[in-house]
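Each remark here refers to the structure printed beneath this line.
Throughout, a chain's letter reflects where its sequence line sits, starting with A, and its residues are numbered from 1. Bear in mind the structure is a predicted one, so any value in this text is a computation, not a measurement.
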Number of protein chains: 2
Amino acid sequence: MELFYQHGIHAIGINEVLKSSGIAKKTLYNHFESKDALVLATLEQRHHQFISWLSGCLEDVQTSEMLEKQLFLALDQWINNKVEVLGEFRGCYFINTAAEFGELTSPINQLCQRHKLAVKALLKQSLNDADDAAVERLFLLGEGIISTAYTCHDASVAKRAAEFTS
Amino acid sequence: MELFYQHGIHAIGINEVLKSSGIAKKTLYNHFESKDALVLATLEQRHHQFISWLSGCLEDVQTSEMLEKQLFLALDQWINNKVEVLGEFRGCYFINTAAEFGELTSPINQLCQRHKLAVKALLKQSLNDADDAAVERLFLLGEGIISTAYTCHDASVAKRAAEFTS
DNA sequence: TGAGAAGTAGACAGATTTGTCTACTTCTTT
DNA sequence: AAAGAAGTAGACAAATCTGTCTACTTCTCA
């Protein structure tokens with residue numbers, strides 16, 4: 001997961017995965033049918049890690065103002081490598097992977113979509129599905145922050161976004 | 001450019017570029033030192049196309065409300081394939097490419113960053129650099145819209161975002 | 001303790017990658 | 001018209017990719 005996340009799927013060969021993990025090739029192909037299946041498994045793992053981390057961050061949110069504040073705080077910590085379980089920040093693993101796997105029929109692409117919908121659902125749920133439109137906008141802001149932090153190498157974007165709270 | 005944008009850089013081999021363009025391999029390597037140099041050229045071309053299209057869309061913007069409205073309208077048209085010069089929507093070419101080329105030292109990565117900064121600067125400039133904080137937030141919303149439209153296969157996200165104007 | 005499951009190391013096949021090079025053709029320009 | 005530049009088609013080299021297979025070792029558990 002770390003290798004794929006840090007370098008991209010196509011940039012990492014199976015042999016690098018083997019060397020880095022110390023696993024034999026036969027063993028790997030015993031557990032996973034193909035590289036794609038392995039990638040899918042890393043996406044599932046990351047999905048659970050991420051949702052679990054984020055829902056922890058939003059645990060005691062009551063109002064949409066609190067949600068915004070907590071979300072931006074969480075993103076800022078992630079972006080600045082303060083969240084151990086998420087590893088070194090290199091943008092969103094799902095956005096990055098969807099960029100490489102664009103086929104709508106590919107299970108990899110579908111999982112990326114499902115992840116994003118789950119994140120959006122988590123935000124809505126944290127306010128008991130009140131104020132859906134505001135949450136939708138907040139979700140978009142969050143996506144913009146993650147994307148900008150990565151592509152622009154802008155580590156302070158979440159902090160700045162938190163300042164001009166609407 | 002079309003091939004790389006639609007399928008990703010690593011997914012497209014030089015031979016596919018040759019077949020699709022009808023150019024001989026020798027000719028291509030006469031004009032471009034390497035595949036990376038070709039990719040860089042496509043990014044430059046896309047950058048100019050995109051900035052030129054977007055600045056046209058924001059031409060007569062006066063207020064920050066107008067900027068928001070016009071930006072979301074433009075994004076909606078792009079996402080729904082109404083903008084011929086941008087081709088079939090497959091997310092942001094620069095976000096997608098940065099996902100594949102993460103090395104900070106790579107010229108490809110640097111160009112992706114420069115493009116985003118140019119887009120942000122264009123937004124600010126369209127309001128004569130007044131209200132920078134609001135424009136920054138708007139930029140983030142735009143990035144979120146583009147990313148969400150692609151990853152979630154959500155063609156109506158820009159239209160919905162335009163509805164709940166803050 | 002002994003047998004079967006599961007792991008290791010890595011050779012190998014077959015496909016695919018980028019980039020070079022040769023031999024030939026066409027275009028351009030004086 | 002003639003010459004040099006630039007294009008074409010594609011063979012080829014060298015590297016790299018995924019996935020299979022063999023031969024051997026280690027672990028697990030009855």
Quiz item: Parallel, tilted or perpendicular: which fits the ring planes of B/Phe89 and B/Tyr150, with parallel below 30° and perpendicular above 60°?
Solution: perpendicular
Quiz item: Please give, in whole Å, the distance from C/dT16 C1' to B/Asn15 CG?
Solution: 9 Å
Quiz item: With respect to the phosphate group of D/dT8, does any side-chain polar atom (N or O) of B/Thr27 fall under 4.0 Å of OP1 or OP2?
Solution: yes
Quiz item: Can a side chain N or O of B/Lys26 be found less than 4.0 Å away from OP1 or OP2 on D/dG7?
Solution: no
Quiz prompt | Earlier contact from the 5' end, DNA chain D, for B/Lys25 and A/Ile12 | solution = B/Lys25
Practice problem: Would you mind reading off the distance between B/Asn30 atom CG and C/dT20 atom C1', rounded to a whole angstrom? | Solution: 12 Å
Practice problem: For the pair B/Asp76 and B/Lys159, find out whether any cationic side-chain nitrogen is under 4.0 Å from an anionic carboxylate oxygen. | Solution: yes
Exercise. Give the minimum heavy-atom separation between B/Lys35 and B/Ile12, together with the two atoms involved.
Key: NZ-O, 2.8 Å
Quiz item: Could you state the CD1-P distance from A/Ile23 to D/dG19, rounded to the nearest angstrom?
Solution: 17 Å
Quiz item: Of the candidate nucleotides C/dT8, C/dT18, D/dG7, which contains the atom at the shortest distance from the side chain of B/Lys35?
Solution: C/dT18
Quiz item: Could you give the OH-to-P distance, from A/Tyr29 to C/dG10, as a whole number of Å?
Solution: 18 Å
Quiz item: In whole angstroms, how far is the P atom of D/dA6 from the CG atom of B/Leu28?
Solution: 16 Å
Exercise. Quickly work out the B/Leu18 CG to D/dA11 P distance and round it to whole Å.
Key: 14 Å
Quiz prompt | Atom-pair distance (CD on A/Glu16; C1' on D/dT18), nearest Å | solution = 13 Å
Practice problem: Respond yes when some side-chain nitrogen or oxygen of A/His31 is under 4.0 Å from OP1 or OP2 of C/dG7, and no when none is. | Solution: yes
Quiz item: Where the side chain of A/Ala24 is defined as all heavy atoms beyond and including C-beta, which of D/dG19, C/dG19, C/dT8 is the nearest nucleotide?
Solution: C/dT8
Exercise. Please confirm whether A/Arg46 makes a cation-pi placement over A/Tyr5, using NZ or CZ under 6.0 Å from the six-membered ring centre and within 45° of the ring normal.
Key: yes
Quiz item: When the distance from NZ of B/Lys19 to P of C/dT18 is rounded to whole Å, what number comes out?
Solution: 14 Å
Exercise. State, without any angle test, whether B/Ser34 and B/Tyr29 hold a side-chain donor-acceptor pair at a distance under 3.5 Å.
Key: no
